[in-house]
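Each residue takes its place number in the sequence, starting with 1. Only heavy atoms go into these numbers, but all of them, side chains included; no hydrogens, no water, no symmetry mates. What you see is a predicted model; the values in this text were computed from it and never measured.
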Amino acid sequence: CSLSAIPMGGGRRKYEFLWADWPDEERRNILALLDRLERYGKVPIVTWSGRSADFPQLLKAIKRLRIRPSRGVLDARHHVDVLEFMRANVRLPIPKFSLKDVAEYWGIARRSRVADGREANALYAAYRQERRGKQKRRLQRKLQRYCYDDLKCVVEVVGRLGGLA
């Protein structure tokens, strides 16, 4: 599951899922993502823990699928890892900087009932094994809500950090 927020102008964003069950779909999604990165070249890539999670997984998939990204599309871009930034620059009266904990501290609502990444991984494993269409779609929607919540939380946290400056 990959989710992107595309700037639309006037402070609006378009949230879009790139979901793949098969290598050809994954390849198509990665190519679409790389295309978006080229189109929005001056907009930074913003992640929560992306240096240790998102980027290594993306780079592995690019290598596995033998995709040749446009020269420097990932390396040359400005990447902001919000978790890394917070650990180095922000102090809050909470014991850890999980996205859920930071969002809760700032009163950012989450709609998903998925507790954390571990539960999301277990749901994804169940999704991959499920054969019934209705149950499979239900699991997919549950995972998409979780991913959507995470992305919206990152966007909101970045907004709150901007308010501190």
Exercise for the section: Output the distance between atom CH2 (W48) and atom OG (S98), rounded to the nearest 0.5 Å. Expected result: 7.5 Å
Practice task
Please name all residues satisfying side chain to side chain contact (heavy atoms under 4.5 Å, CB included) with L31, sequence neighbours left out, ordered by chain then number.
Solution key: R27, I67
Handout entry: Residues which pass salt bridge (charged side-chain N to carboxylate O under 4.0 Å, His left out) with E130, listed by chain and number, not counting sequence neighbours
Key = R132
Exercise for the section: To the nearest 0.5 angstrom, please state how far the CD1 atom of I62 sits from the CD1 atom of I30. Expected result: 5.5 Å
Practice task
Report yes if the side chains of L123 and Y146 come closer than 4.5 Å at any heavy-atom pair, otherwise no.
Solution key: no
Practice task
Return the set of residues passing side chain to side chain donor-acceptor pair (under 3.5 Å) with E26 (not counting sequence neighbours), or none when no residue passes.
Solution key: R64
Handout entry: pair Q135-L139: side-chain heavy atoms closer than 4.5 Å
Key = yes
Handout entry: Qualifying residues under salt bridge (charged side-chain N to carboxylate O under 4.0 Å, His left out), relative to D150, sequence neighbours excluded
Key = R110
Practice task
State, to 0.1 Å, how close S112 and D149 come at their nearest heavy-atom pair, and which atoms those are.
Solution key: N-OD2, 2.5 Å
Exercise for the section: Could you walk me through whether D21 and R128 pass side-chain contact (heavy atoms from CB on, under 4.5 Å), step by step? Expected result: CA-CA 8 Å; D21 286 323; R128 298 286 295 170; 4.1 Å; yes
Practice task
Please list, chain by chain and in numerical order, all residues satisfying side chain to side chain contact (heavy atoms under 4.5 Å, CB included) with D81, sequence neighbours excluded.
Solution key: T47, R51, H79, L83, E84
Completion exercise
With V154 as partner, the option from L99, I108, V102, V80 fulfilling side chain to side chain contact (heavy atoms under 4.5 Å, CB included) is L99
Fill in the blank from the handout: Residues at least two apart in sequence or cross-chain that pass side chain to side chain donor-acceptor pair (under 3.5 Å) with R118, listed by chain then number, are none
Handout entry: Any residue meeting side chain to side chain contact (heavy atoms under 4.5 Å, CB included) with Q57, in chain and number order, not counting sequence neighbours
Key = K60
Exercise for the section: Using modelled atom types only, decide if a donor and an acceptor are shared between the side chain of S49 and the backbone of S52 within a distance under 3.5 Å. Expected result: no
Exercise for the section: Look only at the side chain of N29 and the backbone of W19, and say whether a donor-acceptor pair between them is shorter than 3.5 Å. Expected result: yes
List the atom pairs, with distances to 0.1 Å, where a side-chain N or O of residues 88-97 and a protein N or O form a donor-acceptor pair under 3.5 Å, not counting sequence neighbours.
{"unit_1": "N89", "atom_1": "ND2", "unit_2": "F85", "atom_2": "O", "d": "3.0"}
{"unit_1": "R91", "atom_1": "NH1", "unit_2": "R87", "atom_2": "O", "d": "3.4"}

Practice task
Please name all residues satisfying side chain to side chain donor-acceptor pair (under 3.5 Å) with D116, sequence neighbours left out, ordered by chain then number.
Solution key: none
Problem - Nearest non-hydrogen partners of G50 and P56, listed with the distance - result: O-CD, 3.5 Å
Handout entry: Sequence-distant partners of E156, salt bridge (charged side-chain N to carboxylate O under 4.0 Å, His left out), two or more places apart
Key = R160
Problem - Side chain to side chain, F17 and L151, heavy atoms closer than 4.5 Å - result: no
Fill in the blank from the handout: Across all chains, not counting sequence neighbours, the side chain to side chain contact (heavy atoms under 4.5 Å, CB included) partners of R39 are D35, R36
Practice task
Return each pair, listed once, that meets salt bridge (Lys or Arg N to Asp or Glu O under 4.0 Å) where at least one residue sits in residues 136-146; pairs must be two or more places apart or across chains.
Solution key: none
